[in-house]
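Every number for a ligand or one of its atoms is a count from 1 in the order of the listing. As the structure is a computational prediction, the values presented were derived from the model and not from experiment.
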Amino acid sequence: MRVPLVAGNWKMNKTVEGARELVNGLLPRLQAVQGIEIVLCPPFPSLLAVHTLLKGTGIGLGAQNLHWEPSGAYTGEVSAEMLKELCGYVIIGHSERRAYFGETDETVNKKTKAALANGLIPIVCVGETLAENEAGQTEAVVTRQVMEGLKGIEADQAGKIVIAYEPVWAIGTGKAATGIGANQVIGDYVRRPVASLFGDKVAEGMRILYGGSVNGTNAALFFSQPEIDGALVGGASLKVDDFSAIVQAAAK
Ligand code: PGA
């Protein structure tokens with residue numbers, strides 16, 4: 001049995017004060033939900049404030065990025081060693097980081113290893129662009145991102161990884177994938193390559209999320225699919241009603 005996971009990726013939104021307000025709005029609604037894992041991923045400056053508010057609630061905290069080196073002359077970067085004092089999770093290789101900040105399968109691989117070595121659960125993002133989708137390259141791209149992003153990881157560590165399949169054309173566009181379409185990609189192009197890397201047992205146990213324009217209305221369509229174990233939520237994670245509705249749908 002895979003425990004469903006819903007993670008909110010706040011992206012570059014909310015001041016520290018705004019983060020406190022959002023968490024205070026979310027907490028009574030989220031704490032009422034049992035049987036799933038919930039993770040909030042605010043920007044770095046708000047991690048400490050949100051960490052304090054989430055203490056004892058059972059709700060997890062994640063960062064949106066990390067550097068693979070433990071420390072040193074890397075101006076502007078934050079390491080796994082620093083994050084692990086506050087966070088249990090970290091998003092790695094989000095398509096916005098791949099598109100705007102030069103992340104590659106190689107950096108995703110280094111970051112995933114650094115996260116695991118420090119006891120952080122990596123939420124590794126994969127997904128094809130619109131052009132790749134239209135060119136019939138979804139299988140090749142997503143399979144490559146999984147195989148290259150996770151290579152060289154020990155099977156006993158790999159079981160902790162969470163993957164988020166986020167087709168780039170669905171992110172922030174209001175044009176979500178269909179439940180059946182996302183289920184097929186996750187089963188065939190994500191879980192199957194994971195099985196070839198780490199064996200069937202790891203693949204069967206791994207949580208694989210869908211992300212891309214998930215909201216309170218469409219969430220249940222994804223969660224009813226057998227291969228989809230939760231969601232990585234962007235825009236709707238900033239809205240108390242929407243995010244609470246997604247979390248409730250995942251718990252059903
Ligand atoms: P969205 O973003 O829910 O706003 O489409 C998802 C994501 O980028 O993780």
**Item:** Among Arg207, Glu37, Met206, side chain to side chain contact (heavy atoms under 4.5 Å, CB included) partner for Asp229
**Value:**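 Running side chain to side chain contact (heavy atoms under 4.5 Å, CB included) over Arg207, Glu37, Met206 with Asp229 returns exactly one hit, Arg207.
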**Prompt:** Of the options Lys151, Gln145, Arg144, which is the one that meets Asp105 in a side-chain hydrogen bond (donor to acceptor under 3.5 Å, both in side chains)?
**Reply:**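 The option that passes is Arg144.
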**Message:** Using the side-chain hydrogen bond (donor to acceptor under 3.5 Å, both in side chains) definition, which of the options Glu103, His67, Glu106 pairs with Lys111?
**Reply:**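 Running side-chain hydrogen bond (donor to acceptor under 3.5 Å, both in side chains) over Glu103, His67, Glu106 with Lys111 returns exactly one hit, Glu103.
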**Request:** State, without any angle test, whether Glu227 and Asn183 hold a side-chain donor-acceptor pair at a distance under 3.5 Å.
**Result:**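 Side-chain D/A pair, Glu227 to Asn183: absent.
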**Request:** Indicate whether the side chain of Glu85 and that of His51 have a donor and an acceptor atom separated by less than 3.5 Å.
**Result:**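 The answer is no; no qualifying pair exists.
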**Request:** Calculate, to the nearest 0.5 Å, the distance between atoms CD1 and CD1 belonging to Ile121 and Ile91 respectively.
**Result:**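 It is 13.0 Å, given to the nearest 0.5 Å.
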**Request:** Write down, by chain and number, every protein residue that brings a non-hydrogen atom to less than 4.0 Å from an atom of ligand 1.
**Result:**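 Contacts of ligand 1 under 4.0 Å: Asn9, Lys11, His94, Glu166, Ala170, Ile171, Gly172, Gly212, Ser213, Leu232, Val233, Gly234, Gly235.
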